[in-house]
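Structure record follows, encoded as C-alpha coordinates.
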Amino acid sequence: MLNASAEAFAPATVANLGVGFDILGLALREPGDVVRVEHRDEPGAAITLIEGDGGKLPHDPDQNTACIAANTVLKTLGVATGVAIRLYKHLPLASGLGSSAASAVAAAVAVNALFGEPLTRPELLPACLDGEAAVSGWHADNVGPSLFGGITLITGTDNDQIRNLPVPQGIFLALVTPAVAVPTAEARAVLPKMVSLHDMVAQTGAVARLMDAIYRADVPGLARAMEQDSIIEPARAHLMPKLAEVRAVARQAGALGLVISGAGPSLCAVCDTAQTAQTVAVAMKKVYDTAEIESVARHTTIAIGGAQVLRINDQPVSKS
Ligand code: HSE
(Lines give C-alpha, C1' and ligand atoms only; values in the text may rest on other atoms or scores of the structure.)
Protein backbone atom coordinates (compact mmCIF):
# COMPACT_ATOMS: atom_id res chain seq x y z
CA MET A 1 0.00 0.00 0.00
CA LEU A 2 1.36 3.38 -1.02
CA ASN A 3 0.75 6.23 1.42
CA ALA A 4 1.01 9.93 0.56
CA SER A 5 3.11 10.82 3.60
CA ALA A 6 4.59 9.22 6.69
CA GLU A 7 6.23 10.53 9.83
CA ALA A 8 8.38 8.60 12.28
CA PHE A 9 10.10 9.24 15.63
CA ALA A 10 13.37 7.61 16.65
CA PRO A 11 14.67 7.93 20.19
CA ALA A 12 17.95 9.20 21.52
CA THR A 13 20.16 6.53 23.03
CA VAL A 14 22.68 6.06 25.80
CA ALA A 15 25.45 3.78 24.57
CA ASN A 16 27.93 1.83 26.70
CA LEU A 17 26.04 1.99 30.02
CA GLY A 18 29.45 2.60 31.60
CA VAL A 19 31.17 -0.77 31.68
CA GLY A 20 29.50 -2.09 28.51
CA PHE A 21 31.75 -0.18 26.12
CA ASP A 22 30.54 -0.67 22.54
CA ILE A 23 28.27 -3.59 23.53
CA LEU A 24 25.37 -2.15 25.57
CA GLY A 25 22.91 0.67 24.97
CA LEU A 26 19.41 1.83 25.81
CA ALA A 27 16.71 3.91 24.15
CA LEU A 28 15.34 7.04 25.83
CA ARG A 29 11.63 7.83 25.82
CA GLU A 30 12.64 11.38 24.87
CA PRO A 31 14.13 13.29 23.18
CA GLY A 32 14.18 11.88 19.66
CA ASP A 33 14.32 12.95 16.02
CA VAL A 34 11.29 13.11 13.74
CA VAL A 35 11.38 12.52 9.98
CA ARG A 36 8.52 13.19 7.58
CA VAL A 37 8.64 11.77 4.06
CA GLU A 38 6.58 12.27 0.92
CA HIS A 39 6.92 10.86 -2.59
CA ARG A 40 8.70 12.70 -5.34
CA ASP A 41 9.08 11.71 -9.00
CA GLU A 42 12.88 12.00 -9.11
CA PRO A 43 14.70 8.89 -7.92
CA GLY A 44 16.46 8.88 -4.53
CA ALA A 45 16.04 10.76 -1.28
CA ALA A 46 16.38 14.53 -1.03
CA ILE A 47 16.30 16.80 2.01
CA THR A 48 13.76 19.58 1.70
CA LEU A 49 13.99 20.84 5.29
CA ILE A 50 16.13 20.42 8.38
CA GLU A 51 14.93 22.11 11.55
CA GLY A 52 16.75 22.28 14.88
CA ASP A 53 20.34 21.66 13.75
CA GLY A 54 21.44 25.31 13.74
CA GLY A 55 22.34 24.93 10.06
CA LYS A 56 25.08 22.41 10.84
CA LEU A 57 23.89 19.25 9.10
CA PRO A 58 24.68 18.56 5.43
CA HIS A 59 21.86 18.58 2.87
CA ASP A 60 23.99 16.59 0.42
CA PRO A 61 22.20 13.21 0.10
CA ASP A 62 25.53 11.37 0.15
CA GLN A 63 26.46 12.91 3.49
CA ASN A 64 23.17 13.23 5.29
CA THR A 65 22.54 10.23 7.53
CA ALA A 66 18.73 10.37 7.07
CA CYS A 67 19.07 10.49 3.26
CA ILE A 68 21.55 7.64 3.19
CA ALA A 69 19.27 5.42 5.30
CA ALA A 70 16.25 6.40 3.16
CA ASN A 71 18.13 5.56 -0.04
CA THR A 72 19.06 2.11 1.24
CA VAL A 73 15.38 1.43 2.05
CA LEU A 74 14.33 2.62 -1.43
CA LYS A 75 16.98 0.37 -2.99
CA THR A 76 15.92 -2.60 -0.88
CA LEU A 77 12.31 -2.06 -1.99
CA GLY A 78 13.36 -1.67 -5.64
CA VAL A 79 11.52 1.64 -5.90
CA ALA A 80 12.30 3.78 -8.96
CA THR A 81 10.84 7.03 -7.60
CA GLY A 82 12.15 9.01 -4.65
CA VAL A 83 11.25 10.64 -1.37
CA ALA A 84 11.39 14.18 -0.03
CA ILE A 85 12.60 14.30 3.57
CA ARG A 86 11.91 16.79 6.32
CA LEU A 87 14.13 16.25 9.33
CA TYR A 88 13.16 17.72 12.69
CA LYS A 89 16.21 17.48 14.95
CA HIS A 90 15.39 17.39 18.61
CA LEU A 91 18.75 15.94 19.59
CA PRO A 92 21.88 17.97 20.10
CA LEU A 93 24.63 17.03 17.62
CA ALA A 94 27.76 15.20 18.77
CA SER A 95 26.54 15.04 22.35
CA GLY A 96 26.76 11.33 23.15
CA LEU A 97 23.02 10.80 22.71
CA GLY A 98 23.09 9.01 19.35
CA SER A 99 22.00 11.95 17.22
CA SER A 100 23.07 10.58 13.82
CA ALA A 101 21.62 7.15 14.60
CA ALA A 102 18.25 8.67 15.57
CA SER A 103 18.04 10.54 12.25
CA ALA A 104 18.95 7.43 10.25
CA VAL A 105 16.48 5.23 12.13
CA ALA A 106 13.63 7.78 11.88
CA ALA A 107 14.21 8.09 8.13
CA ALA A 108 14.32 4.32 7.53
CA VAL A 109 11.16 3.75 9.56
CA ALA A 110 9.34 6.67 7.87
CA VAL A 111 10.21 5.54 4.31
CA ASN A 112 9.14 1.98 5.13
CA ALA A 113 5.83 3.34 6.49
CA LEU A 114 5.33 5.39 3.30
CA PHE A 115 5.26 2.12 1.38
CA GLY A 116 2.94 0.35 3.83
CA GLU A 117 5.66 -1.20 6.04
CA PRO A 118 6.80 -4.02 3.74
CA LEU A 119 10.02 -4.45 5.72
CA THR A 120 10.27 -5.71 9.30
CA ARG A 121 12.31 -3.84 11.93
CA PRO A 122 15.23 -6.28 11.60
CA GLU A 123 15.12 -5.80 7.82
CA LEU A 124 15.58 -2.04 8.34
CA LEU A 125 18.81 -2.53 10.32
CA PRO A 126 21.21 -2.41 7.32
CA ALA A 127 19.69 0.89 6.13
CA CYS A 128 20.08 2.42 9.59
CA LEU A 129 23.69 1.22 9.77
CA ASP A 130 24.39 2.71 6.34
CA GLY A 131 23.16 6.10 7.57
CA GLU A 132 25.09 5.89 10.84
CA ALA A 133 28.27 4.79 9.02
CA ALA A 134 28.40 8.09 7.13
CA VAL A 135 28.89 10.00 10.36
CA SER A 136 30.27 7.75 13.05
CA GLY A 137 31.24 4.40 11.63
CA TRP A 138 29.67 1.01 11.01
CA HIS A 139 28.46 0.11 14.48
CA ALA A 140 25.10 -0.56 16.09
CA ASP A 141 25.40 0.60 19.68
CA ASN A 142 23.13 3.59 19.02
CA VAL A 143 21.20 2.27 16.01
CA GLY A 144 20.28 -0.97 17.83
CA PRO A 145 18.49 0.58 20.81
CA SER A 146 16.98 3.40 18.70
CA LEU A 147 15.45 0.93 16.22
CA PHE A 148 14.43 -1.85 18.62
CA GLY A 149 14.02 0.04 21.93
CA GLY A 150 14.71 -1.04 25.49
CA ILE A 151 18.14 -2.13 26.68
CA THR A 152 20.13 -3.88 23.99
CA LEU A 153 23.21 -6.06 23.93
CA ILE A 154 25.11 -5.40 20.71
CA THR A 155 27.89 -7.81 19.83
CA GLY A 156 27.96 -7.08 16.09
CA THR A 157 25.96 -5.53 13.27
CA ASP A 158 23.85 -8.54 12.27
CA ASN A 159 20.36 -8.92 13.66
CA ASP A 160 21.29 -12.09 15.54
CA GLN A 161 24.05 -10.12 17.28
CA ILE A 162 21.59 -7.58 18.75
CA ARG A 163 19.54 -8.84 21.70
CA ASN A 164 16.84 -7.05 23.66
CA LEU A 165 17.45 -7.46 27.39
CA PRO A 166 14.73 -7.19 30.04
CA VAL A 167 13.97 -3.64 31.16
CA PRO A 168 13.61 -3.45 34.95
CA GLN A 169 10.58 -1.62 36.34
CA GLY A 170 11.33 1.53 38.29
CA ILE A 171 14.32 2.86 36.34
CA PHE A 172 14.44 6.60 35.65
CA LEU A 173 17.21 8.60 34.06
CA ALA A 174 18.54 12.13 34.53
CA LEU A 175 20.70 13.49 31.73
CA VAL A 176 22.77 16.59 31.34
CA THR A 177 24.48 17.78 28.17
CA PRO A 178 27.08 20.54 28.60
CA ALA A 179 27.80 22.73 25.58
CA VAL A 180 31.31 21.43 25.01
CA ALA A 181 32.56 19.63 21.92
CA VAL A 182 33.76 16.07 22.43
CA PRO A 183 34.17 14.56 18.96
CA THR A 184 33.73 10.77 19.10
CA ALA A 185 36.99 10.31 17.17
CA GLU A 186 38.86 12.23 19.88
CA ALA A 187 37.08 10.33 22.65
CA ARG A 188 38.17 7.07 21.00
CA ALA A 189 41.72 8.26 20.29
CA VAL A 190 42.40 8.68 24.02
CA LEU A 191 41.53 5.05 24.80
CA PRO A 192 44.27 2.54 25.56
CA LYS A 193 45.11 0.13 22.74
CA MET A 194 45.94 -2.64 25.22
CA VAL A 195 44.61 -3.44 28.68
CA SER A 196 46.13 -5.53 31.43
CA LEU A 197 44.76 -8.92 32.38
CA HIS A 198 43.83 -7.43 35.75
CA ASP A 199 41.73 -4.68 34.10
CA MET A 200 40.16 -7.16 31.69
CA VAL A 201 39.01 -9.35 34.56
CA ALA A 202 37.65 -6.34 36.47
CA GLN A 203 35.78 -5.03 33.42
CA THR A 204 34.27 -8.38 32.37
CA GLY A 205 33.30 -8.96 36.00
CA ALA A 206 31.52 -5.60 36.09
CA VAL A 207 29.67 -6.32 32.81
CA ALA A 208 28.62 -9.70 34.22
CA ARG A 209 27.36 -7.97 37.40
CA LEU A 210 25.43 -5.49 35.25
CA MET A 211 23.79 -8.26 33.22
CA ASP A 212 22.90 -10.13 36.42
CA ALA A 213 21.35 -6.96 37.91
CA ILE A 214 19.37 -6.35 34.70
CA TYR A 215 17.97 -9.88 34.77
CA ARG A 216 17.11 -9.58 38.49
CA ALA A 217 15.53 -6.12 37.93
CA ASP A 218 17.88 -4.79 40.63
CA VAL A 219 18.08 -1.07 39.76
CA PRO A 220 20.57 -0.08 42.53
CA GLY A 221 22.78 -3.06 41.58
CA LEU A 222 22.55 -2.10 37.92
CA ALA A 223 23.61 1.49 38.67
CA ARG A 224 26.53 0.31 40.83
CA ALA A 225 27.75 -2.13 38.17
CA MET A 226 27.53 0.51 35.39
CA GLU A 227 29.93 2.72 37.34
CA GLN A 228 32.59 0.01 37.77
CA ASP A 229 34.35 0.95 34.53
CA SER A 230 38.09 0.77 35.13
CA ILE A 231 39.17 1.28 31.49
CA ILE A 232 37.07 3.69 29.42
CA GLU A 233 35.94 6.38 31.88
CA PRO A 234 39.40 6.91 33.43
CA ALA A 235 40.82 7.47 29.93
CA ARG A 236 38.06 9.89 28.91
CA ALA A 237 37.32 11.70 32.16
CA HIS A 238 39.50 14.71 31.31
CA LEU A 239 37.32 15.40 28.24
CA MET A 240 34.15 15.71 30.35
CA PRO A 241 34.12 18.96 32.30
CA LYS A 242 33.03 18.68 35.94
CA LEU A 243 32.46 14.93 35.75
CA ALA A 244 33.46 14.27 39.37
CA GLU A 245 31.45 17.24 40.68
CA VAL A 246 28.36 16.30 38.68
CA ARG A 247 28.58 12.71 39.93
CA ALA A 248 28.90 13.86 43.55
CA VAL A 249 25.98 16.27 43.23
CA ALA A 250 23.84 13.66 41.47
CA ARG A 251 24.50 11.18 44.31
CA GLN A 252 23.61 13.79 46.94
CA ALA A 253 20.36 14.43 45.08
CA GLY A 254 19.50 10.72 45.16
CA ALA A 255 21.02 9.19 42.00
CA LEU A 256 22.15 5.58 42.29
CA GLY A 257 24.99 5.95 39.78
CA LEU A 258 26.22 8.09 36.91
CA VAL A 259 28.08 7.30 33.67
CA ILE A 260 29.23 9.07 30.53
CA SER A 261 26.57 8.70 27.82
CA GLY A 262 28.21 7.22 24.72
CA ALA A 263 31.42 9.08 23.95
CA GLY A 264 30.18 12.12 25.94
CA PRO A 265 29.90 14.89 26.85
CA SER A 266 26.37 14.02 28.05
CA LEU A 267 26.20 12.36 31.45
CA CYS A 268 23.48 9.93 32.47
CA ALA A 269 22.41 9.29 36.07
CA VAL A 270 20.28 6.30 37.07
CA CYS A 271 17.50 6.93 39.60
CA ASP A 272 14.67 4.88 41.05
CA THR A 273 11.83 7.41 40.91
CA ALA A 274 10.71 10.01 38.38
CA GLN A 275 10.80 12.69 41.11
CA THR A 276 14.41 11.86 41.98
CA ALA A 277 15.40 11.94 38.29
CA GLN A 278 13.87 15.41 38.00
CA THR A 279 15.68 16.62 41.14
CA VAL A 280 18.98 15.10 39.95
CA ALA A 281 18.64 16.72 36.51
CA VAL A 282 18.20 20.16 38.10
CA ALA A 283 21.12 19.58 40.50
CA MET A 284 23.45 18.44 37.69
CA LYS A 285 22.61 21.48 35.59
CA LYS A 286 23.42 23.76 38.53
CA VAL A 287 27.03 22.50 38.53
CA TYR A 288 27.44 23.71 34.95
CA ASP A 289 25.52 26.94 35.63
CA THR A 290 27.95 27.72 38.45
CA ALA A 291 30.90 27.01 36.15
CA GLU A 292 29.28 29.23 33.47
CA ILE A 293 29.06 26.30 31.06
CA GLU A 294 25.79 26.18 29.16
CA SER A 295 23.94 22.90 29.51
CA VAL A 296 20.62 21.19 28.92
CA ALA A 297 19.21 18.84 31.56
CA ARG A 298 16.52 16.26 30.98
CA HIS A 299 14.79 13.50 32.89
CA THR A 300 13.15 10.59 31.19
CA THR A 301 12.91 6.83 31.19
CA ILE A 302 13.62 3.92 28.86
CA ALA A 303 11.64 3.65 25.61
CA ILE A 304 10.50 0.07 25.38
CA GLY A 305 9.43 0.04 21.74
CA GLY A 306 12.15 2.06 20.01
CA ALA A 307 11.27 4.00 16.86
CA GLN A 308 7.60 4.67 16.20
CA VAL A 309 5.51 5.60 13.19
CA LEU A 310 3.79 8.80 14.31
CA ARG A 311 1.58 9.73 11.36
CA ILE A 312 0.41 8.19 8.11
CA ASN A 313 -1.23 10.53 5.60
CA ASP A 314 -1.22 13.16 8.37
CA GLN A 315 -3.37 10.95 10.61
CA PRO A 316 -1.86 10.07 14.02
CA VAL A 317 -0.86 6.48 14.60
CA SER A 318 -1.19 5.51 18.26
CA LYS A 319 2.21 5.59 19.98
CA SER A 320 2.92 2.67 22.33
N1 HSE B 1 30.40 3.36 21.99
C2 HSE B 1 30.91 4.54 21.39
C3 HSE B 1 32.04 5.11 22.21
C4 HSE B 1 29.94 5.68 21.32
O5 HSE B 1 31.92 5.13 23.43
O6 HSE B 1 33.01 5.54 21.61
C7 HSE B 1 28.65 5.36 20.74
O8 HSE B 1 28.73 5.09 19.38
Side-chain angles (χ1 to χ4, degrees), residues 10-28 31-33 65-66 68-69 91-106 125-126 128-158 161-163 165 173 175-178 180-195 199 203-204 206-207 210-211 225-240 243 257-268 302-303 306-307:
T13 47
V14 173
N16 299 339
L17 311 190
V19 284
F21 176 67
D22 278 358
I23 61 166
L24 287 169
L26 59 78
L28 298 174
D33 282 352
T65 146
I68 294 167
L91 295 195
L93 312 182
S95 62
L97 293 174
S99 175
S100 53
S103 295
V105 170
L125 179 66
C128 302
L129 289 169
D130 273 354
E132 173 76 316
V135 178
S136 52
W138 185 263
H139 62 88
D141 56 351
N142 296 112
V143 158
S146 188
L147 183 61
F148 299 116
I151 303 175
T152 53
L153 170 66
I154 308 115
T155 54
T157 52
D158 294 335
Q161 295 169 313
I162 300 177
R163 306 282 304 170
L165 302 176
L173 304 169
L175 295 126
V176 67
T177 305
V180 294
V182 181
T184 301
E186 191 186 335
R188 292 185 85 85
V190 298
L191 299 178
K193 299 284 173 285
M194 309 283 283
V195 297
D199 285 351
Q203 196 82 352
T204 52
V207 175
L210 174 54
M211 299 297 284
M226 280 168 71
E227 279 193 334
Q228 303 300 304
D229 168 16
S230 52
I231 299 172
I232 307 301
E233 186 185 303
R236 286 180 167 172
H238 67 286
L239 299 173
M240 316 293 154
L243 173 58
L258 176 141
V259 291
I260 299 167
S261 179
S266 294
L267 305 177
C268 174
I302 299 178

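Remember, it's a predicted structure, so these values are computed and weren't measured experimentally. Start at 1 and go down the list; that is how both ligands and their atoms are numbered.
- Counting atoms of ligand 1 from 1 in the listed order, those under 4.0 Å from a heavy atom of D141 are 1 (N), 2 (C), 7 (C), 8 (O).
- Counting only heavy atoms from C-beta outward, the side chains of L153 and M211 approach each other to under 4.5 Å.
- Shown in contact with N16 at under 4.0 Å from a heavy atom are these atoms of ligand 1, numbered in order with element: 1 (N), 3 (C), 5 (O).
- Counting only heavy atoms from C-beta outward, the side chains of V19 and D229 approach each other to under 4.5 Å.
- Near D22, with a cut-off below 4.0 Å to any heavy atom, the atoms of ligand 1 are 1 (N), 2 (C), 3 (C).
- Ligand 1 has at least one atom lying under 4.0 Å from a heavy atom of R236.
- If you number the atoms of ligand 1 from 1 as listed, the ones under 4.0 Å from a heavy atom of H139 come out as 8 (O).
- If you check the side chains of Q161 and T155, you find no donor sitting under 3.5 Å from an acceptor.
- Nearest to atom 7 (C) of ligand 1 among the protein's heavy atoms is N142 OD1, 3.3 Å.
- Counting heavy atoms from C-beta on, the side chains of F148 and I162 come closer than 4.5 Å.
- Scanning the protein for heavy atoms near atom 4 (C) of ligand 1, the closest one is A263 N, 3.8 Å.
- Residue G262 has at least one heavy-atom neighbour below 4.0 Å for each of these atoms of ligand 1: 5 (O).
- Residues I23 and V207 are in side-chain contact: their nearest non-hydrogen atoms beyond the backbone lie under 4.5 Å apart.
- Using a 4.0 Å cut-off to heavy atoms of A15, the atoms of ligand 1 that qualify are 7 (C).
- Considering every non-hydrogen atom in both A102 and S146, the closest pair reads CA-OG, 4.0 Å.
- Looking from atom 3 (C) of ligand 1 to the surrounding protein, the closest heavy atom is R188 NH1, 3.2 Å.
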Show me, pair by pair, the donor-acceptor contacts under 3.5 angstrom made by side chains of residues 258-265, not counting sequence neighbours?
residue: S261; atom: OG; partner: G96; partner atom: O; Å: 2.7

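- Between the T65 side chain and the S100 main chain, a donor and an acceptor come within less than 3.5 Å of each other.
- Atoms of ligand 1 lying under 4.0 Å from any heavy atom of F21, numbered from 1 in the order shown and given with element: 3 (C), 5 (O), 6 (O).
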